[in-house]
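Everything on this sheet refers to the single structure shown next.
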Amino acid sequence: CPTVFTLPCRENIFFGTMLEKTELPVFLRKISSIMRFKTFLFTFLVLALFSSCTKERLIKQLTGIYKLDSYIKDKKDLTNAFKAEKQDYRLEIKEENVFTESFKLNGLVFKETKGQWQLINSNKDLQMVDADNNVRIFNIKHASNKKLTLTKGNEEYQFTEE
């Protein structure tokens, strides 16, 4: 049996033939190519699974009925003014990509807005489109099981889940 690179020649377990000096580099290139492909495929699958889990977890954290804790505009706390104008403000986000915003005036529902929501910009932003096709985009600053902080320009909304 001839030796190549001081390694004894063995039967090729894939093809059942003896490797010769000229076949060994080609065979090694094929194995190297296969290993690179498997590494790429494994990395791709892990990233796809991770991003899917992350999005699903974020959706679970977003869904709920929230009440406004604070409203900050231009670094000024305007929570009291917001709550006076929009009493009992509620934001309901459902897993089916539906949202409802409502607030009361004198104990009655003054305004209720319904529409569709979706995550955009690599799940960093929440886009809300109401029935009149008005689009609002909020940056998701923080989302946990009971807390939600959204920003839009110079405004920050902090919510607690009911």
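For the numbers below, each heavy atom of this structure counts, side chains included, while hydrogens, waters and symmetry mates do not.
In this structure, Ile137 belongs to a hydrophobic cluster whose other members, linked by side-chain heavy atoms under 4.5 Å apart, are Ile120, Val129, Val135. Residue Val98 shares its hydrophobic cluster (ILVMFWY side chains chained together at separations under 4.5 Å) with no other residue.
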Checklist entry - Taking it one step at a time, do Arg90 and Lys104 satisfy side-chain contact (heavy atoms from CB on, under 4.5 Å)? => result CA-CA 9 Å; Arg90 298 284 182 268; Lys104 296 177 184 177; over 6 Å; no
Next on the checklist: Could you go through Ile65 and Leu91, starting from their C-alpha distance and side-chain angles, then the distance that decides it, and tell me whether this counts as side-chain contact (heavy atoms from CB on, under 4.5 Å)?
Outcome noted: CA-CA 6 Å; Ile65 301 173; Leu91 173 62; over 6 Å; no
Solution key, residues 72-82 side-chain donor-acceptor pairs under 3.5 Å, sequence neighbours excluded:
residue: Asp74; atom: OD1; partner: Asn154; partner atom: ND2; Å: 2.3
residue: Asp74; atom: OD2; partner: Asn154; partner atom: ND2; Å: 3.4
residue: Asp77; atom: OD1; partner: Thr79; partner atom: N; Å: 3.0
residue: Asp77; atom: OD1; partner: Thr79; partner atom: OG1; Å: 2.5
residue: Thr79; atom: OG1; partner: Tyr71; partner atom: N; Å: 2.9

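Shortest non-hydrogen contact noted between Lys111 and Thr113 is CE-OG1, 3.5 Å. The two residues Leu119 and Leu58 make their nearest non-hydrogen contact at CD1-CD2, 3.9 Å. Across every non-hydrogen atom of Trp117 and Lys94, the tightest pair is NE1-O, 2.8 Å. Here the closest non-hydrogen pair linking Arg136 and Phe99 is NH2-CE1, 3.9 Å.
A distance of 7.5 Å separates CD of Gln118 from CG of Asn97, quoted to the nearest 0.5 Å. Separation of atoms CD (Gln87) and OG (Ser102) is listed at 12.5 Å; rounding is to 0.5 Å. Rounded to the nearest 0.5 angstrom, Asn123 CG and Arg57 CZ are separated by 11.0 Å.
Scanning for salt bridge (Lys or Arg N to Asp or Glu O under 4.0 Å) contacts around Lys141 gives Glu156, with sequence neighbours left out. Applying the side-chain hydrogen bond (donor to acceptor under 3.5 Å, both in side chains) rule to Lys147 yields the partners Thr160; only residues at least two apart in sequence or on another chain are considered. For Asp88, there are no side-chain hydrogen bond (donor to acceptor under 3.5 Å, both in side chains) partners two or more places apart in sequence or in a different chain. The side-chain contact (heavy atoms from CB on, under 4.5 Å) search around Asn134 returns Asp130, Asp132, not counting sequence neighbours. Checked against side-chain hydrogen bond (donor to acceptor under 3.5 Å, both in side chains), Glu96 has no partners two or more places apart in sequence or in another chain. For Gln61, there are no side-chain hydrogen bond (donor to acceptor under 3.5 Å, both in side chains) partners two or more places apart in sequence or in a different chain. Shown here are the ring pair (Phe, Tyr, Trp, His ring centres under 6.0 Å) partners of Phe138, two or more places apart in sequence or in another chain: Tyr157. In this structure Lys114 satisfies the side-chain contact (heavy atoms from CB on, under 4.5 Å) test together with Thr100, Glu112, sequence neighbours excluded.
The shortest distance between side-chain heavy atoms of Ile59 and Ile93 does not fall below 4.5 Å. For the pair Leu62/Ile140, a side-chain contact is recorded, criterion being any heavy-atom separation below 4.5 Å from C-beta on. Contact annotation: the side chain of Tyr89 never approaches that of Lys83 to less than 4.5 Å [non-hydrogen atoms, C-beta and beyond]. Looking at Leu126 and Leu150, their side chains come closer than 4.5 Å, going by heavy atoms from C-beta outward. For the pair Glu161 and Leu148, the minimum side-chain heavy-atom distance is 4.5 Å or more.
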